[in-house]
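Every chain is numbered from 1, with letters handed out A, B, ... down the list of sequences.
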Number of protein chains: 2
Amino acid sequence: MVLRSKESAGRPAGKTARPPVKERLLHVATRLFARHGFESTSVQDIVDAAGVTKGAMYHYYGSKDDLLYEVYHQVLTMQTSHLDQIAAGQGTAEERLRLAAADVVQTSLDNLDDMIVFFRSLHMLPEDKQTQVRAERRAYQEKFKALVDEGVAAGTFRSDISSDIVVHYFLSVVNQLGSWFKPDGSLSPGQVGDLFTELLIGGLAVR
Amino acid sequence: MVLRSKESAGRPAGKTARPPVKERLLHVATRLFARHGFESTSVQDIVDAAGVTKGAMYHYYGSKDDLLYEVYHQVLTMQTSHLDQIAAGQGTAEERLRLAAADVVQTSLDNLDDMIVFFRSLHMLPEDKQTQVRAERRAYQEKFKALVDEGVAAGTFRSDISSDIVVHYFLSVVNQLGSWFKPDGSLSPGQVGDLFTELLIGGLAVR
DNA sequence: GGCGTCATACCGTCCGGTCGGTCTTAAATT
DNA sequence: AATTTAAGACCGACCGGACGGTATGACGCC
């Protein structure tokens, strides 16, 4: 059987220069997971969309789950690093909390597909990876909580609402962004971030 | 022939009075969907847990999707009726919004399994049913939004934050309850409702 | 000529859904 | 009152096909 090797490994394809196969797989997988759900997306769907075959995918990723885990790891790593930078910065606790809140909304909206997958398919991960993701997320929450606590200690924020609850409260808002935000809507990611930040700080402020 | 008829229509069963098969199926299905996800729960799992066979399930429900739809329909219907009652009640807009917010948190926590399924598996419904659920949910949001608008018109709430955003903001919090709340934790559903209500009203109040 | 990068063909499993049939109970008929 | 009929409730074996994963090998590049 002659295999005419469609277009071989060369990537001067007619279309836009496509990123390497590994990244491409993760990207299209994220997109498909977000659109149709993890379980409704078959490995075949993914490789078709990426223009390769299963052999390629199982060469780079150990399993379909691996692909999912990468989504989580990637976005969590980025947001944690952002938060670290902001928390270590200057300004009052309120100022830094404002920055952190606006930033997490912004970056989440910039990676909407990841967020949709994130909050919807965590339970599909195998137990061990799920534990790891939860740990990473918990670490993020703790850093966020520390900022709130700082503001409480400084007397800027009200002390009668546990900071744990506040963190759950606000991060819930962030996690749900993917379920209603439309990029072509009237509000930009930045505007949404500012408004949500206002609502958060308002709720925290001593009256 | 004496009808010993296992337990016939009467349910003086030896065990705890079990609800009729149809309700039992929906109940165990909700539980399993919440624990393991819709797609990871096979019809066989459901009927096993309910103590019947597939024949019984397909006798009462047209498909596995039907079961899922019932979950949504049930909880949305209940919460909408609650909201209608509260909105039509007496008191200022702020008072009624407080009641509505606390109530939706409370009822959501009382039906945690439903909420978990709700925000996680909507995309698994066939298109037409999905559209219908979205419409029902939209109706709920609109009623909630009306309450906010009332408060803005009355000058109680700040007018520089679109009420649409506020509704998305707060209902996000509600929809995510299932992802962190533990019934055996230190906070009761009522307390969580009160705290979240405080945070919401605080964010809305004119400073 | 060995190694990374993929393609192709294939396998075993599982799952939603179907379908013919049985048992019980109530209504209709005799 | 006895018998037949009808209908609902439920059983359980079975099917078709999709899906995740694997095994093997071709092809280019150092």
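- Look at OH on B/Y61: it is 17 Å from C1' on C/dG16, rounded to the nearest Å.
- Atom P of nucleotide D/dG21 and atom CE of A/M57 are separated by 7 Å, given to the nearest angstrom.
- A side-chain donor-acceptor contact under 3.5 Å links B/Y72 to the backbone of B/V117.
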Item checked: Full working for side-chain contact (heavy atoms from CB on, under 4.5 Å) between B/Y58 and B/V43 -> CA-CA 10 Å; B/Y58 280 95; B/V43 171; 3.8 Å; yes
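- If you check distances only, the side chain of B/K64 never reaches the base of C/dG17 with a donor-acceptor pair under 3.5 Å.
- Within the 4.5 Å cutoff, no side-chain heavy atoms of B/Q130 are placed close to those of B/M124.
- A salt bridge is absent between A/D65 and A/K129: the closest approach of a Lys/Arg side-chain nitrogen to an acidic carboxylate oxygen does not fall below 4.0 angstrom.
- For B/K64 and B/F38, the positive end sits near the middle of the six-membered ring, less than 6.0 Å away and at most 45° from its axis.
- With distances taken from any side-chain atom of B/A56 to the nucleotides D/dA9, D/dC11, D/dG21, the minimum falls on D/dC11.
- Between B/Y58 atom OH and C/dG20 atom P the separation is 17 Å, expressed in whole Å.
- With B/M57 as the partner, the side-chain contact (heavy atoms from CB on, under 4.5 Å) test is satisfied by one option alone out of B/D66, B/V52, B/L67: B/L67.
- Looking at the side chain of A/S63, the nearest of the listed nucleotides D/dC10, D/dG21, C/dT18 is D/dG21.
- Looking at residues 31-49 of chain B, you'll see that no heavy atom sits under 4.0 Å from any atom of DNA chain D.
- The nearest whole Å value for the distance from the CD atom in B/E23 to the C1' atom in D/dA9 is 14 Å.
- Rounded to whole angstrom, the span from the NE2 atom of A/H59 across to the C1' atom of C/dT8 amounts to 16 Å.
- Distance B/K22 NZ to D/dC10 C1': 15 Å, rounded to the nearest Å.
- B/K54 places its NZ atom 16 Å from the C1' atom of C/dG20, with the value rounded to the nearest Å.
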